[in-house]
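Worksheet: the structure to be examined is printed underneath.
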Amino acid sequence: MTISELQLALPEIFVLTMACVILLADLFIAEERRGLTHTLAVGTLIFAAILTGRLMMAPGEVVHAFADTFVRDRFGDVLKVFSYIILAGVYVYAKYYLRQFKLFKGEFYTLTLFALIGVMVMISASSMLTLYLGLELLALSTYALIALNRDSLPGSEAAMKYFILGSLASGMLLYGMSLIFGATGSLQLGEISASLGSGIGDDMLLTFGLVFVVIGIAFKLGAVPFHMWVPDVYHGAPLAITLFIASVPKLAGLALAIRLLDNGLIGLHDDWQAMLAVLAALSLIIGNVVAIAQTNIKRMLAYSTIAHMGFMLLGILAGTPEGYAAAMFYTIVYAIMSAGAFAVIIMLSHNGVEADQLDHFKGLARRNPWHAFLMMMILFSLAGIPVFVGFFAKWQVIAAALSAGFTGLAVLAVITAVIGAFYYLRVVKLMYFDEPDVPERVPAPVDFRAVLTVNGVAVLGLGIFSGGLISLCVSAFV
Amino acid sequence: MPIIEIVFYLFSLVLIASALCVVTVGNAVHAVLFLVLAFFSAACLWMLLHAEFLAIVLVLVYVGAVMVLFLFVVMMLDVNVSPGSEGFTRYLPAGVLVALAMAIQLFLVIWTRGMEAVPMPEAPDKDYSNTRELGKLLYTDYLYAFEIAAVLLLVAIIAAIALTHRRRPDAKHQDPGRQVKVRREDRVRLVKMKSEGEGG
């Protein structure tokens, strides 16, 4: 190990150090000055973005470090920078919620920062060992975050369900990894890929291993039929935590899929392509159809997540750089949109009551015209209506699926997107054409409104100028 | 018969006997103590295979920490004597089935691979240290993974404390600061009394 290897992992080391500093500093910060912890955490993310940005400026070769357990490439750098940006937004949204619901504790910041480290480790893992450890770090922090409100019964229930199902899925993933290790004799993704290329390895062992690995990935993404945890966890967790789960970990899920399936198991592309096609088709249908029946908006967005993960899988299953770039674009865009949608729900939540019913959106356009307009843009984007960025994301993944020869799947994706538009537009209808129950304007702090405005406008801006982000994603796979 | 085989059979016998005792003795505390003996014998067997580090860790972690915890739990739950033979005939078929399945699996592996496939490890050099080699690997090739595992444990601690620790105002707890600051007047009251004999 040399200093230059440590420099590659500088963002990880910095975030870890700051997480420990915040953990300790928070003990000495008085209750009413907890805002300092928040500032420290946001500062950490900004500085980490600078550190990763510096690595990005350097010549973009793929560099392996720490005995080939760590890899630094453009894909990782871009994903990490978006993780910081989205998490910083989540912090601003969450602060308002946590204050109101008496959950404003330092643990929220330390646990989310540790979860971020897990995400970063997964993003730049080049060995199954580090991939698994990063996944566990993310999962363990998330379990605790969901149960953070100890007096909430649904919260504890959601945490318990997620913990049990998550452990089961981790076990599956680990079992698959051990079978692949048994067949190829290596944990390093590069070496696995090389030995698959040269035809070494027991076919049956590999296929068995692959099945378990795909199950693990599908669970972490929440793809049907491994989606049962998603609605319950989204529903039961405090809104601020749901906001977190619905955004940053999706980037880690994408990294998990691409690192394992592309970097490691591209030799088995024919096998996993068929599996992902089934997962994608089921997710698209069940996610979009069941979401229509939901009256709780948290559950509705949970089913919408399932559908969106189905779209994302369309990009991955192509198995080409263009497909991966489309999936990456889709995931980043999805994380931004879902953060915005949950932020509006947080804004409406007052007096210890979460505004998680569809009826809470009635007549929002009369109460807060600008915020209703932002929410409308975000919902249009989620539905995939042109001009907004969600449309281009859907277009890219469907194009990738078409180029891989999955015409039927592409048609299905378009049909389910149309079905899905119904439940997004229903919220728009409630906001614009229904009478509000209470006429007062919904208040929110300045920083919250500013970030929400940036978030909403980004959904439009990234749509009109989608070329920049798309070329950034494409450049990650050349 | 070489000495190593005698030692192997000795510890194996102790291992099997103590494992049997774990499930047959009625007293739960005795069962836990027999389990300690079983772990210890297994550790000795590993030692014979030149896996000193694993052997020592088994004793330290399982015997030193896990089994002590078991003992605590057993003592706290107060499950002293359990009728050992209860439901014996009811669970017998299932038990026999599981045992049979495991025996067949073992037999199949040995039969297809043969005992020669897993020979005794060669005796290493005099100054070879299993622990040192493992440590070297852990702090060079696996440094990154090792550090992440450490962070994972830290998160487990934070999560456990965040989820269970709460300040209860009604709990009786000591405040060392106040204990140190205490003065004689707070504790002792001098009362003037007439002695018994006086005036009588």
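Computed from a predicted model, the values in this text were never measured in an experiment. Throughout, protein chains are lettered first and strands after them, A, B, ... in sequence-line order, and every chain is numbered starting at 1.
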Problem - Reported CD-to-OH distance for the pair A:E12 and B:Y144, which is rounded to 0.5 angstrom - result: 4.5 Å
Problem - Residue part contacting chain A, namely of B:A160, when any heavy atom lies under 4.5 Å - result: neither
Validation: residues 59-67 of chain B side-chain donor-acceptor distances under 3.5 Å, sequence neighbours left out:
none

Problem - Heavy atoms from other residues, nucleotides or ligands near CD of B:Q179 exceed 12 (cutoff 6.0 Å) - result: yes
Could you give the side-chain donor-acceptor pairs of residues 106-114 of chain B under 3.5 Å, partners two or more places apart or in another chain?
| residue | atom | partner | partner atom | Å |
| --- | --- | --- | --- | --- |
| B:T112 | OG1 | B:L108 | O | 2.8 |
| B:T112 | OG1 | B:V109 | O | 3.2 |

Exercise for the section: Counting only heavy atoms closer than 4.5 Å, note whether A:L129 contacts chain B via side chain, backbone, both or neither. Expected result: side chain
Problem - B:E185 atom CD, neighbour heavy-atom count above 12 within 6.0 Å - result: yes
Fill in the blank from the handout: Among B:T164, B:I158, B:I161, the residue with the most heavy-atom pairs under 4.5 Å to chain A is B:I158
Handout entry: B:V155 versus A:L137, closest heavy-atom pair with distance
Key = CG2-CD1, 3.6 Å
Fill in the blank from the handout: Honestly, the part of B:L163 sitting under 4.5 Å from a heavy atom of chain A is both
Exercise for the section: Evaluate whether atom OH of A:Y162 has more than 12 neighbouring non-hydrogen atoms of other residues, nucleotides or ligands under 6.0 angstrom away. Expected result: yes
Exercise for the section: Could you please state which residues from residues 111-119 of chain A sit under 4.5 angstrom from chain B, measuring non-hydrogen atom to non-hydrogen atom, sorted by number, or 'none'? Expected result: A:L111, A:F114
Exercise for the section: Supply the atom-to-atom distance A:L187 CG to B:Y142 OH, rounded to the nearest 0.5 angstrom. Expected result: 6.0 Å
Exercise for the section: Of all the heavy-atom pairs spanning B:A162 and A:R150, show the shortest one and how long it is. Expected result: O-NH1, 3.2 Å
Completion exercise
Value for CG (B:L143) from CZ (A:F70), rounded to nearest 0.5 Å, stands at 12.5 Å
With a cut-off of 3.5 Å and sequence neighbours excluded, list every side-chain donor-acceptor pair involving residues 13-28 of chain A.
| residue | atom | partner | partner atom | Å |
| --- | --- | --- | --- | --- |
| A:T17 | OG1 | A:I13 | O | 2.6 |
| A:D26 | OD1 | A:R34 | NE | 2.9 |
| A:D26 | OD1 | A:T37 | OG1 | 3.0 |

Fill in the blank from the handout: Whatever's closer than 4.5 Å to a heavy atom in chain B on A:E136 counts as both
Practice task
Provide the closest heavy-atom pair for A:L133 versus B:A145 in the form atom of the first, atom of the second, distance.
Solution key: CD1-O, 3.3 Å
